[in-house]
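Okay, so here's the structure we're looking at.
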Amino acid sequence: MTRHPLFPYQLYLVISEESCTKLNYLAVAEEAIRGGVDIIQFREKNIDTATYFKKAMSLKAITDKYNIPLIINDNLTVAMRVGAFGIHVGRNDVSPIVVREKWHSCRSLGYSIEYLTQLLNEEASAADYFGVSPVFNTKTKKNTVTEWGIEGLRKIRKLTEKPLIAIGNMHLENVSSVMKAGADCIAVVSAICTSDDPRQAAIELKTKILTS
């Protein structure tokens, strides 16, 4: 599978403390990196910025140890203070345009696509990559607007050359079809965070990506 020159990461872990049901989130992150995860997004909800920052710093110590980029979900203050690689935002989060205005050293800015019309707006122009969210419905995301499916992903692929990260119920059985439909990267939550063996789960997903 060819790597996108602007986003050479193929296995993307979205992690939170709550999503890790078997091991501590820091242990899950380290094992997942050892198994082949290329990039990690830290996504916490309903906690104050000080707590988010403290947790993010703990995670960054691990990602820095392995030279893995850390993306912060929808908290520009935390992303800037921890010196993250980038930030990921959705349609109702802080605008990518505002991120560009306030954080000049941001190296990677992700934007979730829930409507096709979003591809034409100024926020999309400011983004480095798009999250296709969700490809398939999942219990992790409770406010789904569009379940893109394989055909929806193909349609988005034809409309943009920016890197596409597929997220939403990604698992071993659908990785190949999603990559062949135009995704540059697979993002997972439960497939690794709820696994008894996050390292092995990452190995199997990465192998499937590389052989697709």
Side-chain angles (χ1 to χ4, degrees), residues 1-16 18-19 21 32 36-41 43 45 71 73-74 86-93 96 108-195 201-212:
M1 187 72 204
T2 304
R3 294 174 186 264
H4 195 294
L6 301 178
F7 197 89
Y9 316 107
Q10 295 181 305
L11 182 54
Y12 187 126
L13 174 62
V14 180
I15 194 170
S16 67
E18 183 180 23
S19 65
T21 58
V37 160
D38 299 303
I39 185 167
I40 291 181
Q41 180 189 140
R43 182 172 66 187
K45 300 286 186 182
I71 302 291
N73 185 74
D74 186 31
I87 187 169
H88 188 93
V89 297
R91 185 172 50 90
N92 298 316
D93 299 335
S108 192
L109 202 172
Y111 183 51
S112 293
I113 298 298
E114 297 178 282
Y115 297 99
L116 276 180
T117 52
Q118 281 181 266
L119 291 171
L120 304 175
N121 66 28
E122 293 181 345
E123 283 80 8
S125 297
D128 294 308
Y129 67 91
F130 297 134
V132 180
S133 173
V135 177
F136 303 113
N137 276 332
T138 171
K139 293 179 181 177
T140 306
K141 185 175 176 60
K142 297 180 173 60
N143 57 343
T144 294
V145 174
T146 304
E147 182 182 12
W148 291 106
I150 296 298
E151 289 308 311
L153 179 58
R154 286 196 180 110
K155 186 177 293 185
I156 295 174
R157 179 73 288 164
K158 291 178 181 176
L159 295 173
T160 179
E161 294 183 353
K162 288 191 177 184
L164 298 181
I165 287 71
I167 187 169
N169 205 10
M170 292 291 106
H171 48 72
L172 286 173
E173 285 69 31
N174 59 24
V175 164
S176 293
S177 59
V178 169
M179 295 299 283
K180 289 173 182 173
D184 299 289
C185 177
I186 299 293
V188 299
V189 182
S190 301
I192 288 179
C193 291
T194 64
S195 172
I203 289 172
E204 293 174 2
L205 286 163
K206 190 65 171 289
T207 300
K208 184 66 76 171
I209 291 170
L210 294 175
T211 56
S212 295

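Excluded from the calculations below are hydrogen atoms, water molecules and symmetry mates; all remaining heavy atoms, backbone and side chain alike, are included.
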Taking only residues two or more places apart in sequence, or in another chain, which ones meet Glu151 in a salt bridge (charged side-chain N to carboxylate O under 4.0 Å, His left out)? Arg154
Tell me, with the steps shown, if Tyr111 and Glu123 meet side chain to side chain donor-acceptor pair (under 3.5 Å). CA-CA 8 Å; Tyr111 183 51; Glu123 283 80 8; 4.7 Å; no
Results of salt bridge (charged side-chain N to carboxylate O under 4.0 Å, His left out) for Lys208 - residues two or more places apart only: none
Not counting sequence neighbours, list each pair that qualifies as a salt bridge (Lys or Arg N to Asp or Glu O under 4.0 Å) and has a residue in residues 125-138. Arg100-Asp128
Nearest heavy-atom approach of Ile71 to Ser108 is CD1-CB, 4.2 Å
Go through the structure and list residues passing ring pair (Phe, Tyr, Trp, His ring centres under 6.0 Å) with Tyr129, not counting sequence neighbours. Phe7, His88
Interatomic distance, CG@Leu11 vs CE@Met170, rounded to 0.5 Å, equals 12.0 Å
Please round to the nearest 0.5 Å and tell me the distance separating atom NZ of Lys162 and atom CD1 of Ile113. 9.0 Å
Working to the nearest 0.5 Å, report the span between CG of Leu13 and CG of Asp38. 11.0 Å
Taking every heavy atom of Ser177 against every heavy atom of Asn174, the minimum-distance pair comes out as OG-O, 3.0 Å
Pairing residues for Asp93 by the salt bridge (charged side-chain N to carboxylate O under 4.0 Å, His left out) criterion, not counting sequence neighbours: none
Ignoring hydrogens and angles, state whether a donor on the side chain of Glu147 or Asn137 is under 3.5 Å from an acceptor on the partner side chain. yes
Note: Ile87 and Asp74 closest approach over all heavy atoms is CG1-N, 4.0 Å
Non-hydrogen atoms of Ile165 and Ala187 that approach each other most closely: CG2-CB, 3.6 Å
If you look at every heavy atom in Val178 and Phe136, which pair is closest and at what distance? CG2-CE1, 4.0 Å
Which distance, rounded to the nearest 0.5 Å, do you find between the OH of Tyr9 and the SG of Cys185? 10.0 Å
Give every residue pair that meets the salt bridge (Lys or Arg N to Asp or Glu O under 4.0 Å) criterion with at least one member in residues 186-195, sequence neighbours excluded. none
I'd like to know if the side chain of Ser112 pairs up with that of Ser133 as donor and acceptor (distance under 3.5 Å, no hydrogens or angles considered). no
Please round to the nearest 0.5 Å and tell me the distance separating atom NE2 of His171 and atom OG of Ser190. 10.5 Å
Considering all heavy atoms, the nearest Asn73-Lys45 contact: ND2-NZ, 3.6 Å
Is it true that Arg3 and Asp184 make a salt bridge, defined as a side-chain N closer than 4.0 Å to a carboxylate O? no
Rounded at 0.5 Å granularity, tell me how far NZ in Lys155 sits from CG in Leu119. 11.5 Å
